[in-house]
Amino acid sequence: TLYFFSDRAGGVGTRDLWTATRASLEDEFASPEVVANVNSEQRDYFPWLLPDRLGLLFTSDRTGGEGDHDIWLAERSDPEAEFSAPRNLSELNTDANEIGMTLSRDGLTIIFTSDRDGGEGETDLWLATRPDRSSPFSSITNLSGLNSSDEEDDPKLSHDGAELFFSSTRDGLRHLWH
């Protein structure tokens, strides 16, 4: 199963979250479908499916958020069930932009991009933790050792959580950093 965002026809808003499935790695993907119960009339993008497949994190500028673009979470009880209506992760969001994220396999650490006050540059990587999966994220920290005065974004943790990949414009062009 693949989750992605697109502004293709047939969606709900200006950008929507879609999913496409296939029976095996050798098979072709079926036609994409809009993710039910999740999309809004605004922009919904940067989906990140939790490792247990019970939650879908994404960015949206929908109404009801804390700022311009926020991080939202839609959850479900079973990997085959539809997601419930998403909720704003207000503990992470500010009146600035929180865009794109990656979550550790245990669900206790999130790294996300924001242009909130207190950063090093245009957009920075921030880290938040929680003691267990039922608690809100807290202890939000700027990853100042990785950030520059330019844009750092698109964070992705490796499967084992030992490596972080992100993009940066610190050299004048957008490059992938590790």
Worksheet item: Under a single-linkage definition using a 4.5 Å side-chain heavy-atom cutoff for Ile, Leu, Val, Met, Phe, Trp and Tyr, are Leu50 and Trp72 assigned to the same hydrophobic cluster?
Response: no
The reported gap from CG in Leu17 to CG in Asn39 (rounded to nearest 0.5 angstrom) is 4.5 Å
Here the gap from Phe46 atom CZ to Phe5 atom CZ, rounded to the nearest 0.5 Å, amounts to 5.0 Å
_Ring centres under 6.0 Å, that's the criterion: do Tyr45 and His69 meet it?_
yes
Those residues at least two apart in sequence (or on a different chain) that pass salt bridge (charged side-chain N to carboxylate O under 4.0 Å, His left out) with Glu28 are none
Next on the checklist: Counting only heavy atoms from other residues, nucleotides and ligands, does the tally under 6.0 Å from NE2 of His178 exceed 12?
Outcome noted: yes
**Asked** Are Phe83 and Phe58 joined in one hydrophobic group, where the rule is that I, L, V, M, F, W and Y side chains link up if heavy atoms are under 4.5 Å apart?
**Response** yes
- In terms of hydrophobic clustering (I, L, V, M, F, W, Y; side-chain heavy atoms under 4.5 Å; direct or indirect links), are Leu49 and Val35 co-clustered? yes
**Asked** Just by distance, do the side chain of Arg53 and the backbone of Glu80 share a donor-acceptor pair under 3.5 Å?
**Response** no
Rounding to 0.5 Å, atoms CD (Glu66) and CG (Asp95) come to a distance of 9.0 Å
d(Leu146 CG, Trp126 CH2) to nearest 0.5 Å is 13.0 Å
Task: Test item: Arg116 side-chain N/O and Gly119 main-chain N/O as donor-acceptor pair under 3.5 Å - done: no
*Looking only at side chains, do Asp132 and Ser135 share a donor and an acceptor under 3.5 Å apart?*
yes
Hits for side-chain contact (heavy atoms from CB on, under 4.5 Å) against Thr14, two or more places apart or cross-chain, chain-then-number order -> Arg43
Hits for salt bridge (charged side-chain N to carboxylate O under 4.0 Å, His left out) against Arg15, two or more places apart or cross-chain, chain-then-number order -> none
Applying side chain to side chain donor-acceptor pair (under 3.5 Å) to Arg8 and not counting sequence neighbours gives Ser6
Across all chains, not counting sequence neighbours, the side-chain contact (heavy atoms from CB on, under 4.5 Å) partners of Ser40 are Gln42, Asp44, Ser60, Arg62
Assigning hydrophobic clusters by single linkage (Ile, Leu, Val, Met, Phe, Trp, Tyr; side-chain heavy-atom cutoff under 4.5 Å), is Leu54 placed with Leu57?
no
dist Ser138:OG -> Leu92:CG (nearest 0.5 Å) comes out at 9.5 Å
Worksheet item: Should we say atom CD of Glu75 is surrounded by more than 12 heavy atoms from elsewhere, each under 6.0 Å from it?
Response: yes
Separation between CG (Asp70) and CD1 (Ile99), nearest 0.5 Å, reads 9.5 Å
The side-chain contact (heavy atoms from CB on, under 4.5 Å) partner of Phe112 among Leu125, Asp153, Ile71 is Ile71
Under 3.5 Å, is there a donor on one side chain and an acceptor on the other for Ser167 and Arg174? yes
Q: Give the cluster check for Ile140 versus Met101: same hydrophobic cluster or not, with ILVMFWY residues linked at side-chain heavy-atom distances below 4.5 Å.
A: yes
Salt bridge (charged side-chain N to carboxylate O under 4.0 Å, His left out) filter on Arg133, not counting sequence neighbours, yields Asp52
### Residues Arg170, Glu152; criterion salt bridge (charged side-chain N to carboxylate O under 4.0 Å, His left out); working and verdict
CA-CA 8 Å; Arg170 67 184 69 193; Glu152 277 71 42; 3.1 Å; yes
